[in-house]
Amino acid sequence: MRKGDGEEEEEQVVNPWEVSAGKGGIDYDKLVDQFGCQRLDAALVDRVARLTGRQPHCFLRRGLFFAHRDFNDILDLYEKGEKFYLYTGRGPSSEALHLGHLVPFMFTKYLQEAFKVPLVIQLTDDEKFYWKDLTVEETKRLARENAKDIIACGFDVEKTFIFSDFGYIGGAFYEKMARVAKCVTKNKAVGIFGFSSEDHLGKYSFPPVQAVPSFPSSFPHLFAGQDQLRCLIPCAIDQDPYFRMTRDVAPRIGYQKPSLIESRFFPALQGENTKMSASDANSAIYVTDSAKEIKTKVNKYAFSGGQDSIELHRQLGANLDVDVPIKYLNFFLEDDDELEHIKKEYKEGRMLTGEVKQRLIAVLSEMVARHQRARALVTEEMVDAFMAVRPLPNMFC
């Protein structure tokens, strides 16, 4: 695409395996139009507050979960006294999670507590075997390790079922996969996911695996006789293609379309135009980082929107649109008033970059230390309990 004056504008690419954009970062308005989802507006956020009787999560209040598909339908059902269930997941390709990986689980925990509903969490170890240079055995090991970090977020074992694809697929789940697969042609899969003739069959076969946890009958031990129970999926917007396919297929095989609530991307330390990468430990804050490592990473690598000199900064203030410490505080600083104060003072040049970074270091250090303490308490027996195929008799309480 031409930008003008002979300069090429990089095409925005957002799919489950690649996220890239030009110098301006992701254009979320364009993405909403391209994907055909809806903006999550203030009226919906206010309605969540009214129905749950509690303040909406800061991710909702601040527009970090910003788009949806039929979330209003879920709220309609809830207001009538009907129930639904939550479904989210994780692709286990690394030993440790970074903070961006925690975002959907933090939000899902809030939804589970606010609406008092059950949750299924899919660990797509098969997907990572297909897409990464990992053995089956390694992806299965990583799935259990990642499950410990997920459990450490504080999920209720009486309302939560965690499963790995290699461990669970079969029976009713596989039957739903076959039904979905029969409804999706190769041309449609290529159109949605961008597969090429060089991609192996494993990649073509995977989308139904991520689709069918949207259908309650994939979990007969949980939802027997509740085939029309609705599903809400909290996820980052790059996962939307899977569920566009799912929503297209669902009515054709007798199931309800899943609803989605979708988040913005969590930026790398170097800014929104770079990507957090497991090959570059300095691109992200990991849940295994020490307080010293967090301090070093924020001070050395977190991209600043401040000016080059104190004098210029006092005069012009900071550019909050590109400032990574502000973006991170937007996710993790709970106090709305403090956040707005920092933004105002920093934008008008009265607060310096170093001061903003110091506040972020304190917030992240406390958050990561709290997660590490919780993670240290998660045993193999606890993982087994969450992953056991069993009824959840109190799941709607």
Side-chain angles (χ1 to χ4, degrees), residues 15-16 35-38 65 67-78 82-91 104-105 107-108 111-112 115 117-127 150 159-165 167-184 188-189 192-193 205-263 389 392 395-396:
N15 62 46
F35 284 0
C37 44
Q38 299 88 42
F65 275 77
H68 73 100
R69 291 182 182 275
D70 294 342
F71 183 47
N72 49 310
D73 290 354
I74 293 289
L75 297 182
D76 288 345
L77 289 171
Y78 186 79
E82 298 182 35
K83 297 296 185 180
F84 61 94
Y85 74 100
L86 297 163
Y87 156 40
T88 194
R90 158 82 183 137
F105 294 109
F107 187 63
T108 300
L111 291 173
Q112 184 182 52
F115 289 99
V117 290
L119 162 67
V120 296
I121 299 174
Q122 180 181 43
L123 300 174
T124 56
D125 41 10
D126 53 341
E127 177 201 16
I150 293 168
K159 290 182 168 66
T160 307
F161 174 52
I162 301 175
F163 68 99
S164 75
D165 289 342
Y168 182 72
I169 288 177
F173 195 98
Y174 184 74
E175 176 190 319
K176 306 304 173 299
M177 284 171 50
R179 292 186 182 205
V180 170
K182 191 172 181 179
C183 291
V184 182
K188 193 169 189 69
I192 295 172
F193 300 106
S205 69
F206 178 73
V209 181
Q210 188 156 323
V212 301
S214 308
F215 307 141
S217 58
S218 298
F219 307 101
H221 64 288
L222 298 177
F223 305 124
Q226 302 182 70
D227 288 2
Q228 298 304 308
L229 186 68
R230 292 294 296 269
C231 175
L232 174 63
I233 305 169
C235 61
I237 197 166
D238 61 331
Q239 299 300 301
D240 190 87
Y242 282 119
F243 302 113
R244 291 205 306 276
M245 179 198 75
T246 307
R247 286 167 56 85
D248 178 65
V249 169
R252 297 158 61 188
I253 60 175
Y255 295 106
Q256 298 284 341
K257 294 180 179 181
S259 298
L260 281 79
I261 184 165
E262 300 176 314
S263 73
V389 177
L392 299 176
M395 61 186 176
F396 289 115

Discussion item. If we check side-chain hydrogen bond (donor to acceptor under 3.5 Å, both in side chains) with Asp70, which of these qualifies: Gln38, Arg247, Gln256?
Written reply: Arg247

Practice prompt. Given side-chain contact (heavy atoms from CB on, under 4.5 Å), test Arg244 with Tyr242 step by step and report yes or no.
Written response: CA-CA 6 Å; Arg244 291 205 306 276; Tyr242 282 119; over 6 Å; no

Worksheet item: Hey, is the main chain of Asp165 close enough, under 3.5 Å, to the side chain of Asp125 for a donor-acceptor pair?
Response: yes

Discussion item. Over 60° means perpendicular and under 30° means parallel, so tell me whether Phe161 and Phe163 are parallel, tilted or perpendicular.
Written reply: parallel

Worksheet entry | Modelled atom types, side-chain donor and acceptor of Gln239 and Gln210, under 3.5 Å | yes

Worksheet entry | Criterion side-chain contact (heavy atoms from CB on, under 4.5 Å) against Lys176, the qualifying member of Ile253, Val212, Val209 | Val212

Worksheet entry | Gln228 side chain vs Gly254 backbone, donor-acceptor pair below 3.5 Å | yes

Item to complete: Verify side-chain contact (heavy atoms from CB on, under 4.5 Å) between Leu86 and Ile121, making sure each step is shown before the conclusion.
Response: CA-CA 8 Å; Leu86 297 163; Ile121 299 174; over 6 Å; no

Worksheet item: So, does Ser214 use its side chain to make a donor-acceptor pair with the main chain of Pro258 at under 3.5 Å?
Response: no

Discussion item. Which residues pass the side chain to side chain donor-acceptor pair (under 3.5 Å) test with Arg69, not counting sequence neighbours?
Written reply: Asp240

Discussion item. If I compare all heavy atoms of Asp126 with all of Phe206, which pair ends up nearest, and what's the gap?
Written reply: OD1-CE1, 3.6 Å

Discussion item. Within the 3.5 Å criterion, strictly below it, is a donor on Arg230 or Ser259 matched to an acceptor on the partner's side chain?
Written reply: yes

Worksheet item: Hey, is the main chain of Gly167 close enough, under 3.5 Å, to the side chain of Ser164 for a donor-acceptor pair?
Response: yes

